[in-house]
Protein chains: 2
Amino acid sequence: MQPGTPDHEWREDCSPRRVLAIFSSKWTSMVLHALDTRLGGCARTGVLLRSLPGISKKMLTQTLREMETAGLLTRHVHGTVPPAVEYTLTPLGRRFVEPIELLYGWARENEDALDALRSGARR
Amino acid sequence: MQPGTPDHEWREDCSPRRVLAIFSSKWTSMVLHALDTRLGGCARTGVLLRSLPGISKKMLTQTLREMETAGLLTRHVHGTVPPAVEYTLTPLGRRFVEPIELLYGWARENEDALDALRSGARR
DNA sequence: CTGTATCCTAGGAGATACTG
DNA sequence: CAGTATCTCCTAGGATACAG
């Protein structure tokens, strides 16, 4: 590429940058992954909560809400008591499993590289 | 997988979660990508600045410093005036280009999925 | 050309306790 | 069981101006 060539229009709203938004949320990609790969595309709140060590109830519901409005999953409330709520991946949501698996897969196969990273004592 | 099986030790410090750290920083992956794919592994500050529309001088140097201490790149100052500083990818840094390309590549090939995302009017 | 020093803000994230 | 309501903290990220 010649110097000065603007290349693929590396704008602020290009697709690479937009996909990063998914991963900038601490839990979104993990919820997607847990739902698809480990829970068969559909699960109740409690199961999700237990599938993601460290997540709080608040962050889980918050994340799920955002994902719902984003169109990544649907929420279904069973009118029972006690309440049972099921979250199901949409076809769109399922599409985003691929890049996540790509990334997680790479991570699992390259733990040594991740270990080699020096965390750099914060400031 | 049987219900209750703890599976791949999905702990808080598992590799998938650690690789997410790279992408949780707004600019790190883009610097890595620009440096490797567009600038041949080595570039001066000004070039990087112009290669990443929207980044500020402050965020660039901050990101570069973190990446340096992480071992992803090296910084070389030419004792000239005006100063010239070159950032070069380390072998370790180069290893992280792969997952980034994987992700960005997927994004470019799936713009339609990204477009389908409803941003959900912030609360 | 590079880099630093301030100052400032939005909002991500967690802890806790409560309601139906 | 699922979800909400507060509070609080913190720090990434950005704007701006200055300095070698």
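Below, read A as the first sequence line, B as the second, and so on, with proteins coming before strands; counting in each chain starts at 1. Side-chain atoms are counted along with the backbone in the values below, which use heavy atoms only and exclude waters and symmetry mates.
Separating the CD atom of Glu86(A) from the C1' atom of dC1(D) is a distance of 13 Å, rounded to the nearest angstrom. Distance CG (Leu20(B)) to P (dA13(C)): 11 Å, rounded to an integer number of Å. In this structure, CZ of Arg17(B) is placed 12 Å from P of dA13(C), rounded to the nearest angstrom. Rounded to an integer number of Å, the gap from His76(A) NE2 to dC1(D) C1' is 16 Å. When the C1' atom of dT2(C) is taken as reference, atom CG of Leu49(B) falls 10 Å away, rounded to whole Å. Distance, Leu60(A) CG to dT4(D) C1': 14 Å, rounded to whole Å. Atom CG of Leu48(B) is separated from atom P of dC1(C) by 13 Å (rounded to the nearest Å). In this structure, Gln62(A) atom CD and dA2(D) atom C1' are separated by 16 Å, rounded to whole Å.
Applying the side chain to side chain donor-acceptor pair (under 3.5 Å) definition to pairs two or more places apart or across chains, those involving residues 21-30 of chain B are Ser25(B)-Thr28(B), Ser29(B)-Tyr104(B). Listed by first and then second residue, the ring pair (Phe, Tyr, Trp, His ring centres under 6.0 Å) pairs that reach into residues 47-68 of chain B come to none, sequence neighbours excluded. The salt bridge (Lys or Arg N to Asp or Glu O under 4.0 Å) analysis of residues 85-101 of chain B, with sequence neighbours excluded, yields the pairs Asp112(A)-Arg95(B), Glu101(B)-Arg108(B). Here side chain to side chain donor-acceptor pair (under 3.5 Å) pairs that include residues 44-54 of chain B, with residues two or more places apart or in two chains, number zero.
Residues passing the side chain to side chain contact (heavy atoms under 4.5 Å, CB included) test with Lys57(B), sequence neighbours excluded: Leu49(B). With sequence neighbours excluded, the residues that form a ring-ring contact (aromatic ring centres under 6.0 Å, His included) with Phe96(A) are Trp106(B). Here Val77(B) pairs with Arg75(B), Val85(B) under the side chain to side chain contact (heavy atoms under 4.5 Å, CB included) rule; sequence neighbours left out.
Within the 4.0 Å cut-off from OP1 or OP2 of dA2(D), not a single side-chain nitrogen or oxygen of Tyr87(A) is found. The side chain of Arg44(A) contributes an N or O atom lying less than 4.0 Å from OP1 or OP2 of dA2(D). Applying the 4.0 Å criterion to OP1 and OP2 of dT4(D), one finds that Arg65(A) has a side-chain N or O inside that range. Dashed line: the shortest gap from a side-chain N or O of Thr45(B) to OP1 or OP2 of dG3(C) is under 4.0 Å.
Note: Trp10(A) and His33(B) have parallel aromatic rings, judged against thresholds of 30 and 60 degrees for the angle between ring planes.
With axes fitted over five pairs at each extremity, the angle between the ends of the helix from dC1(C)-dG20(D) to dG20(C)-dC1(D) is 40° (10° resolution).
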Using the 3.5 Å cut-off, write out each protein N or O paired with an N or O of nucleotides 14-20 of chain C and the distance between them.
from    : atom 1 : to       : atom 2 : distance (Å)
dG14(C) : OP1    : Lys26(A) : NZ     : 2.6
dG14(C) : OP2    : Trp27(A) : NE1    : 3.3
dG14(C) : N7     : Lys58(A) : NZ     : 2.9
dG14(C) : O6     : Lys58(A) : NZ     : 2.2

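Met30(B) has its side chain out of reach of Thr63(B): every pair of non-hydrogen atoms, C-beta onward, lies at least 4.5 Å apart.
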